[in-house]
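Every number for a ligand or one of its atoms is a count from 1 in the order of the listing. None of these values were measured; they are calculated from a predicted model.
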Amino acid sequence: MPAGRYAPSPSGDLHIGNLRTAVLAWLFARSTGRDYLMRVEDLDRVRPGSEKRQLADLAALGLDWDGPVVRQSERVHLYSDAVSDLQARGMLYECFCSRREIREATSAPHHTPGLYPGTCRQLSEGERTQRRRERPAALRLRSQVEQGTVVDLLHGSFTGPVDDVVLVRGDGVPSYNLAVVVDDSHQGIDQVVRGDDLLDSSPRQSHLAGLLDLTTPTYAHVPLVLNTSGQRLAKRDGAVTLRDLTSAGVDPFAAIAASLGLDGHTPADLLEVWDPRFLPRDPWVFSPPLS
Ligand code: GLU
């Protein structure tokens with residue numbers, strides 16, 4: 001069964017922007033006859049109790065999902081297999097750069113800030129031995145291209161840089177980019193709906209999927225929710241979680257529906273009138289109620 005998904009990171013309560021993305025992913029999946037899967041991305045930044053609260057909030061909105069909740073922490077063997085495969089093909093290399101070194105290297109002329117400049121790609125065996133004494137290595141993909149193109153239902157054909165992405169962090173934890181590619185393909189997810197802050201990552205993820213002989217899903221990167229200063233909504237902006245909003249007398253689901261130009265109190269109400277062509281393309285500016 002083809003599927004869409006929502007993949008929250010249990011690092012705190014979901015805010016109305018996260019909830020809106022979850023509703024959109026549900027609408028895209030259900031309106032196209034897909035399953036809707038729930039995957040908890042708990043390899044990093046886990047806050048105790050957060051997963052339970054997030055799932056309770058999603059259920060309180062009326063979202064339902066198929067099959068059991070999947071947790072990345074229980075699937076580490078799949079990521080290790082992918083790493084062994086790439087390693088056996090000589091496609092990985094050790095990287096000893098700190099974040100600061102990367103920042104400094106990429107602030108130099110001719111570099112794009114944030115893109116890994118390939119510093120450790122050509123280290124000699126002697127240099128690697130030396131640097132292993134200084135800090136544990138991360139593993140990076142020896143990427144085969146400089147850029148890649150993906151197709152997005154909202155953004156059309158999108159071309160972006162593909163650099164040597166980290167697949168295993170220095171502390172041995174599989175990276176988000178590795179886990180997401182392995183999981184989406186292994187779970188039969190062929191439709192990925194998520195915030196458009198991740199649009200830039202999709203050419204890298206698609207390139208990695210190709211090297212692992214995995215499929216690339218169809219993407220829909222949906223607009224984010226911003227605060228009244230035009231920044232990405234965050235919890236410090238005030239009453240933005242489901243609990244905050246409900247106690248301030250706001251119906252979070254109706255607010256999400258209104259932000260989509262729709263009227264309704266349940267996901268099923270919206271499904272009846274849902275047409276992705278009318279999804280607003282601009283960010284939703286949310287001004288939290290005074291509590
Ligand atoms: N876990 C990521 C987040 O909560 C989403 C990643 C994805 O949808 O690919 O931002």
Side-chain angles (χ1 to χ4, degrees), residues 3-29 34-47 49-58 61 63 65 69-76 78-79 82 148 150-155 158 160 162 165-167 169 173-209 212 214-226 231-235 240-242 283-284:
R5 46 80 158 178
Y6 186 58
S9 301
S11 54
D13 284 348
L14 296 169
H15 63 56
I16 188 134
N18 308 128
L19 296 169
R20 184 185 194 239
T21 301
V23 169
L24 284 170
W26 186 93
L27 286 168
F28 271 97
R34 287 179 165 83
D35 276 352
Y36 179 66
L37 307 184
M38 190 59 64
R39 182 174 74 233
V40 176
E41 302 209 320
D42 60 349
L43 293 176
D44 194 21
R45 293 178 295 136
V46 172
R47 179 170 293 191
S50 168
E51 173 191 317
K52 206 167 157 213
R53 287 162 68 95
Q54 292 186 339
L55 296 176
D57 288 355
L58 294 165
L61 280 183
L63 299 177
W65 49 88
V69 172
V70 163
R71 286 176 200 84
Q72 289 187 324
S73 57
E74 293 164 3
R75 300 162 64 81
V76 173
L78 292 175
Y79 318 134
V150 295
V151 178
D152 184 285
L153 293 173
L154 304 175
H155 296 262
F158 172 80
V162 174
V165 68
V166 168
L167 299 191
R169 302 180 340 193
V173 175
S175 72
Y176 155 68
N177 281 302
L178 171 63
V180 81
V181 164
V182 169
D183 283 338
D184 284 342
S185 180
H186 279 251
Q187 292 186 271
I189 291 163
D190 66 344
Q191 181 193 61
V192 165
V193 177
R194 59 187 180 186
D196 63 13
D197 53 330
L198 288 167
L199 179 61
D200 281 348
S201 304
S202 51
R204 285 186 190 89
Q205 293 174 1
S206 173
H207 179 59
L208 176 59
L212 287 168
L214 303 175
T215 47
T216 291
T218 301
Y219 293 106
H221 286 92
V222 300
L224 292 181
V225 179
L226 305 181
Q231 292 145 339
R232 202 189 298 185
L233 193 72
K235 282 203 227 82
V240 294
T241 67
L242 189 112
W284 176 32

(request) Run the contact test for Tyr176 against ligand 1 with a 4.0 Å cut-off on heavy atoms, strictly below, and give the result. (result) yes
(message) Before you tell me yes or no, could you show the steps for Asp190 and Thr218 under side chain to side chain contact (heavy atoms under 4.5 Å, CB included), namely the whole-Å CA-CA distance, both residues' side-chain angles and the distance that decides it to 0.1 Å?
(response) CA-CA 6 Å; Asp190 66 344; Thr218 301; 5.8 Å; no
(request) With heavy atoms only and a cut-off of under 4.0 Å, state how Leu198 meets ligand 1: side chain, backbone, both or neither. (result) side chain
For [atom], find the nearest protein heavy atom and state the residue, atom name and distance (0.1 Å precision).
atom: atom 3 (C) of ligand 1; value: Ser9 OG, 3.6 Å
atom: atom 5 (C) of ligand 1; value: Ala7 O, 3.5 Å
atom: atom 1 (N) of ligand 1; value: Glu41 OE1, 2.6 Å
atom: atom 8 (O) of ligand 1; value: Arg5 NH1, 2.6 Å

(request) With sequence neighbours excluded, tell me which residues meet salt bridge (charged side-chain N to carboxylate O under 4.0 Å, His left out) with Asp42. (result) none
(message) Using a 4.0 Å cutoff against the non-hydrogen atoms of Val180, which atoms of ligand 1 qualify?
(response) 9 (O)
(request) Please identify which atoms of ligand 1 are closer than 4.0 Å to at least one heavy atom of Arg194. (result) 7 (C), 8 (O), 9 (O)
(message) Salt bridge or not between Asp183 and Arg5? Use side-chain N to carboxylate O under 4.0 Å.
(response) no
(request) Considering non-hydrogen atoms only, spot the tightest contact between Tyr36 and Tyr6 and give its length. (result) OH-CB, 3.3 Å
(message) I'd like to check the side-chain hydrogen bond (donor to acceptor under 3.5 Å, both in side chains) partners of Arg53; sequence neighbours left out, ordered by chain and number.
(response) Asp13
(request) Compare all side-chain heavy atoms of Val180 with those of Glu41 and state whether any distance is below 4.5 angstrom. (result) yes
